[in-house]
Amino acid sequence: MSDILNIGASGVRAYQNAISTVSENIANSGVEGYSKRTTDLSEVSAATSTITRREVATASGVTTNGITRLGDQFKEADVRSTGSDLASSDSSIQWLSQIQTALTGNQLSDQLTTFFNAATAVAADPSASAPRTAMLDAAQGAADAFTSTGDALAQIGITLDATAQNSVATFNGLAASLAKVNDALSRNVPNTNGSAQLLDQRDQLLEQMSAIANISVTTDDFGRATVRVGSGSGPVVVKGNNAGSLSYARGNDGAVAYAVHFGGNIVTAQISGGALAGIADGAQRLAEAQGQLGQIAGDFVDGVNAAQAQGQDLDGNTGAPMFAIGSDPTNVTVALTSPRGIAAAAPGGGSLDNSNLANLTAFRNSGNTEGNVTQLVAETASALSAKQTVADAQASMHSNAIAERDSVSGVNLDSEAVDLLRFQQAYSASSRVIQTARDIFQSILEIH
Amino acid sequence: MQISTNQFYDSSLSVMSQLTEQADKLQTQISTTKRLQAPSDDVVAYQQLQLLSRATANDAAYTTNVSTAQSLLNQSDSTLSSVVSQIQRAQELATQANSGTLNDSQRQDIATELNGIISSLVSLANTTNAQGTPLFAGSQGTQPVTQNADGTVTINDTGNATAIPISDDTSVVAGNTAQDVFGGVQTSSGASDLFSILSTFANAMQAGGSGATAAAADAGTALSAALDHVSNAQASVGAREKRLTLVSSAMTDMAATRETQRSSLEDTDVTQAITDLQKTMTILQATQASFTKLTSLSLFNYLQG
């Protein structure tokens, strides 16, 4: 009799556990990073009766072995690596698009065209003051466009540094949290709700870290993660309950360097994925754009000033420099103060001589300043456009990887509903077994 | 493959955001009438558009120069016509003086009229243009001719006439210098200028006497050479005006061609865009409807009671 009662009681206990796991799944179905859990049930191993020496197997009910968390570490790794790639491209796109806007926003090329065409107007009437004033204004416009474009690029550099520092700080915070999770995992009982929770946290932290920098992860028997930055041979940033930190530096040449500080050692990290890789990419493109713009500005100033020097102004003096370069290579200012200073005439030519302006036109054609500006924009735009195409492909790879992972570890409410019904019925039936046992026992007592 | 509930909501959201983004892009293309919003949308088109826009800006500057040159040449043309009338009047006087029937008093009247013609020609030679600079000045920009105290006229060396650029590699000389128009007349006694011819003639008339008729005959020959010289200058001005008319109409044609190219590169095909927008909106509505239907499907709905 007590056997039946025990079996019934074990069933009630087991299915209570199972229903509570299903309820947990349902309650967390909308929680990011939650992996579906199942209750691991098994029959209590049949004990052999030795007293009677008859080999009778006695059934003893059901028992809960523990909670199984449905996770697949390979699929998790796939989600992380595709996520790193996508985050890297997204971050590149963000910076390249800002550089593109900075390069086109001040309409540098149009301002240069206006300047050269103002010279064409001066050539039609070299002694009049109106076209000369217009040309000097256009010169100011061109100088301002160079300066503003340079400033806009420098501003991007400042934002880029701040963003990189924030991302690095976030990464370091995640690494510290992961070390705590590792610590908790080493003291936790496996196959419990508690350990499942810790593993969920671990995977979520790893996913967040991989969005910032690509990482290589290995796990031990306790589920504790060892994280290396970059490839499998990169420097360790989290091991056991110790976390290191990542640092960011951008040199004067615009090159970005990352290093991992762990246990007193500083090792350079090669980051090829995640937002930080995109930042490095953006920094490189930014440095190129700044260098090229400075070169274009310098060539333009030299060319125009050389053309000025070959001629004479309205007062018969040798043409003075029209532009000057300030502290920064892109910081162009107008040095000429009077419109009369524009050297339209060849040396010895009079007020109606415009032959020296031909030298400016010759420089316009040979120097191709406007074309070089267009080329600079086009290079950035090509890089951006290529990244956008790649990002589209990476986004679909990433969502496929997530779909693959979630098909294993995600919660589907319909299947939970089915399980709920299944375990509820089993629970009811087990209760009925207890009642039956009581009824049987009662019947025995009622025998007179 | 089992679709987790979270995954279903996420992917539906992502699909609907993509459709909304697509609709927004089309809406921007329609409202701005521009297919390209940033260079990265089409790098090759961007580079072509930059070249086109630069060519358009250049042509705008050259068109202004062409108009300036046209108005200068126009003014030269009419001024030269006045010069021609003055020479013709002097020729009439030379014919009269050559007839041998005049007395000294009549010759003095002719001399007076000739001096008047010289003054008119000096004034015509020093005509200024709309910008206030002398029409017949060279690059020096100084006054083209000076009448001296003794009545003689000096043609100043003012350099060459200014060439106005009308395209990247061509320019037009939008005028003649006084030296071109009034000087360099080939006469029987060598190169001379219109003012010398007229003052020699006027002086001979003033002096009167037996030499006057022969001087008038010489003056008649010299004046017809001068007339040819000025007419040639006028014909050259006319030819340049004609050339500018052709250049101007070529620029208009080029501008139209460039506009067609620009439009095909940059402008939104509105019909296409509206059709695409309609299609995108239909798909979005269908997605929203199916999403609503699918989310209402849950086994839990049947587990009540």
Side-chain angles (χ1 to χ4, degrees), chain A residues 29-32 34 36 96-97 100-101 103-104 109-110 113-114 116-118 120-121 123-128 345 349-355 357-358 361 365 370-371 374-375 377-378 380-385 388 399 402-404 406-415 417-418 420-421, chain B residues 1-11 14 38-44 46-47 49-51 53-54 56-62 64-69 72 129 131-134 137-142 158-166 168-169 171 174 297-300 302-303:
Chain A
S29 63
V31 173
E32 189 154 348
Y34 179 85
K36 178 182 159 88
L96 288 174
S97 146
Q100 174 178 279
T101 308
L103 288 175
T104 52
S109 176
D110 293 351
T113 304
T114 306
F116 285 118
N117 284 331
T120 306
D125 194 5
S127 67
S351 61
L352 287 186
D353 184 19
N354 64 11
S355 48
L357 289 173
T361 310
N365 294 331
E370 298 145 282
T374 304
Q375 184 59 32
V377 174
T380 306
S382 297
L384 176 56
S385 160
Q388 280 166 339
S399 43
I402 290 176
E404 284 287 334
D406 287 2
S407 71
V408 175
S409 65
V411 177
N412 178 294
L413 285 177
D414 284 343
S415 76
V418 171
L420 194 63
L421 274 180
Chain B
M1 177 166 128
Q2 171 179 281
I3 308 291
S4 84
T5 308
N6 232 359
Q7 167 79 5
F8 168 70
Y9 279 92
D10 282 351
S11 63
S14 142
S40 53
D41 290 347
D42 187 340
V43 181
V44 175
Y46 169 74
Q47 285 174 306
L49 284 167
Q50 284 288 305
L51 283 177
S53 107
R54 205 177 305 149
T56 303
N58 291 353
D59 267 13
Y62 290 131
T64 312
N65 280 8
V66 165
S67 313
T68 308
L72 288 174
N129 62 22
Q131 284 94 26
T133 47
S139 61
Q140 296 294 339
T142 45
T158 60
N160 297 321
T162 308
I164 297 179
I166 52 166
D168 287 347
D169 43 17
S171 55
L297 267 188
S298 171
L299 193 50
F300 284 102
Y302 302 96
L303 294 183

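Letters A, B, ... mirror the listed sequences (proteins, then strands); counts begin at 1.
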Sort out for me which of [options] touches chain A most, counting heavy-atom pairs under 4.5 Å.
options: B:S40, B:G132, B:A163, B:G141; answer: B:S40
options: B:S11, B:A61, B:P39; answer: B:P39
options: B:N58, B:T162, B:L299; answer: B:N58

(request) Mind checking side chain to side chain donor-acceptor pair (under 3.5 Å) for B:T56 and listing every partner two or more places apart, or none if nothing turns up? (result) B:R258
(request) Please name all residues satisfying side chain to side chain donor-acceptor pair (under 3.5 Å) with B:Q50, sequence neighbours left out, ordered by chain then number. (result) A:S109
If we define contacts as heavy-atom pairs under 4.5 Å, which of [options] has the most with chain B?
options: A:S409, A:G371, A:S399; answer: A:G371
options: A:A383, A:S29, A:A128; answer: A:S29
options: A:T101, A:L384, A:L413; answer: A:L413
options: A:S385, A:S382, A:A345, A:S407; answer: A:S407
options: A:L357, A:T380, A:D125; answer: A:D125

Against chain B, label [X] side chain, backbone, both or neither, depending on which of its atoms sit under 4.5 Å from a heavy atom there.
X: A:D414; answer: both
X: A:T104; answer: side chain
X: A:Q100; answer: side chain
X: A:V408; answer: neither
X: A:S415; answer: side chain
X: A:I402; answer: both
X: A:S127; answer: side chain
X: A:L103; answer: neither
X: A:T361; answer: side chain

(request) Go through the atoms of B:T64 and report whether side chain, backbone, both or neither lie under 4.5 Å from a heavy atom of chain A. (result) neither
(message) So for B:A69, is it side chain, backbone, both, or neither that comes closer than 4.5 Å to the heavy atoms of chain A?
(response) neither
Indicate the atoms forming the closest heavy-atom contact of [X] with [Y], along with that distance.
X: B:Y46; Y: A:A378; answer: CE2-N, 4.4 Å
X: B:P134; Y: B:T142; answer: CG-O, 4.0 Å
X: A:V31; Y: B:N6; answer: O-ND2, 3.7 Å
X: B:A174; Y: B:I164; answer: CB-CD1, 3.8 Å
X: A:G350; Y: B:Q140; answer: CA-OE1, 3.3 Å

(request) Could you grab the distance from atom CG of A:D406 to atom CG of B:D10, nearest 0.5 Å is fine? (result) 8.0 Å
(request) Check whether any side-chain heavy atom of A:V411 lies under 4.5 Å from a side-chain heavy atom of A:Y34, and answer yes or no. (result) yes
(request) Look only at the side chain of B:N65 and the backbone of B:P165, and say whether a donor-acceptor pair between them is shorter than 3.5 Å. (result) yes
(request) Would you check if the side chain of A:N412 reaches a backbone N or O of B:T5 as a donor-acceptor pair within less than 3.5 Å? (result) no
